[in-house]
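Input: a single structure, listed below in structure tokens.
Along the sequence shown, residues carry numbers from 1.
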Amino acid sequence: LTLRAAEGREPTIAVSAGSSDRTFGLQIASHFLTLEDIEVTGGGAMGAISVLASDGVHLLNVDLSGATNGVYAQFSKSPVVSGSTISATESGIALRDLSVNALVDGNTVRDAETGVFLSGRTDERLFAVDATVTGNTFEGVGDDIDTEGTATIRDGSGETKQVGGEPPENSMLDIVLYAATATTIGALFYPYARRRLGGIR
């Protein structure tokens, strides 16, 4: 699918949020889509661009402004935001609800409370998230990078750092880890227990 501006026109999408807090300038719900060289003005929308439950979406050289969030991703794997200019009131790029393995590279984010926001929260549960955030410029931004829960951030050289707090007690992540540990210990002790009990009739 190729979307082109009319001859002599700039490739621009403009939207006015009106009374809805769930308005988006453009919503992407398709895998492996590339959006390049386009301007989106949000007009008070929740997001200039929304990426919803999509894998491998690439946003390249986009110009986003006017919305609460520039890019608002949910449940998306391996999104890429690169070479773009973004201004927003809340977050330049918000990766929420298990949006993992993201690349945020070479962007300019302006006038937002947070440049890049990473959150693994789903309802009351927190999961770890990961992203590569490198080569970005933050101008007039409160916090360059902020997280909710635990995040692993990699820079361009492959160096990693852990930021944020631990997931809350009894979260789904804890349950998965406990189950994996119990399975491993059980597998180790099973041959020994079988030998010990093998002689009992």
Distance-only criterion, 3.5 Å: show the donor-acceptor pairs between side-chain atoms of residues 68-80 and protein atoms not counting sequence neighbours.
residue	atom	partner	partner atom	Å
Thr68	OG1	Ala45	O	3.3
Asn69	ND2	Met46	O	2.9
Gln74	NE2	Asp97	OD2	3.0
Ser76	OG	Val51	O	3.3
Ser76	OG	Ala53	N	3.4
Ser76	OG	Ser54	N	3.2
Ser76	OG	Ser54	O	3.4
Ser76	OG	Gln74	O	3.0
Ser78	OG	Asn101	ND2	2.8

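- Within the 4.5 Å cutoff, side-chain heavy atoms of Ile145 are placed close to those of Val133.
- For the pair Arg121/Phe127, no side-chain contact is recorded, criterion being any heavy-atom separation below 4.5 Å from C-beta on.
- Follow the hydrophobic side-chain contacts under 4.5 Å out from Val40 and you reach Leu33 in the same cluster.
- Note that the CG atom of Leu98 and the OG1 atom of Thr122 stand 5.5 Å from one another [nearest 0.5 Å].
- Taken from CD1 in Ile49 to CZ in Phe24, the straight-line distance is 11.5 Å, to the nearest 0.5 Å.
- Residue Val163 is not grouped with residue Phe117 when hydrophobic side chains (ILVMFWY) are merged at heavy-atom distances under 4.5 angstrom, including chains of intermediate members.
- Shown here for Ala48 and Ala67, the closest heavy-atom pair between the two residues is N-CB, 3.3 Å.
- Distance alone, capped at 3.5 Å, is enough to place a donor-acceptor pair between the Asn107 side chain and the Ser84 backbone.
- Judged purely by atom type and a 3.5 angstrom limit, Asp130 has no side-chain atom pairing as donor or acceptor with the backbone of Thr152.
- Phe138 and Ile86 fall within a single hydrophobic cluster, where Ile, Leu, Val, Met, Phe, Trp and Tyr are joined by side-chain heavy atoms under 4.5 Å apart, directly or via other members.
- When the options Leu95, Ile93, Thr150 are evaluated for a side-chain contact (heavy atoms from CB on, under 4.5 Å) with Leu118, the one that passes is Leu95.
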Name each donor-acceptor pair under 3.5 Å that joins a side chain in residues 56-66 to protein atoms two or more places apart or in another chain, with its distance.
residue	atom	partner	partner atom	Å
Asn61	ND2	Asp37	OD1	2.4

- Given the rule in the side-chain contact (heavy atoms from CB on, under 4.5 Å) test, do Ile38 and Ile13 qualify, once you have shown the distances and angles that lead to the verdict? CA-CA 8 Å; Ile38 194 169; Ile13 295 174; 3.8 Å; yes
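- Pairs passing the salt bridge (Lys or Arg N to Asp or Glu O under 4.0 Å) check and including a residue from residues 99-120, sequence neighbours excluded, read Arg110-Glu139.
- Side-chain contact check for Glu90 versus Thr114: every heavy-atom pair is 4.5 Å or farther apart.
- Here CG of Leu103 is found 11.5 Å from CZ of Arg154. Values are rounded to the nearest 0.5 Å.
- Atom OG in Ser30 sits 11.5 Å away from atom CG in Leu52 (nearest 0.5 Å).
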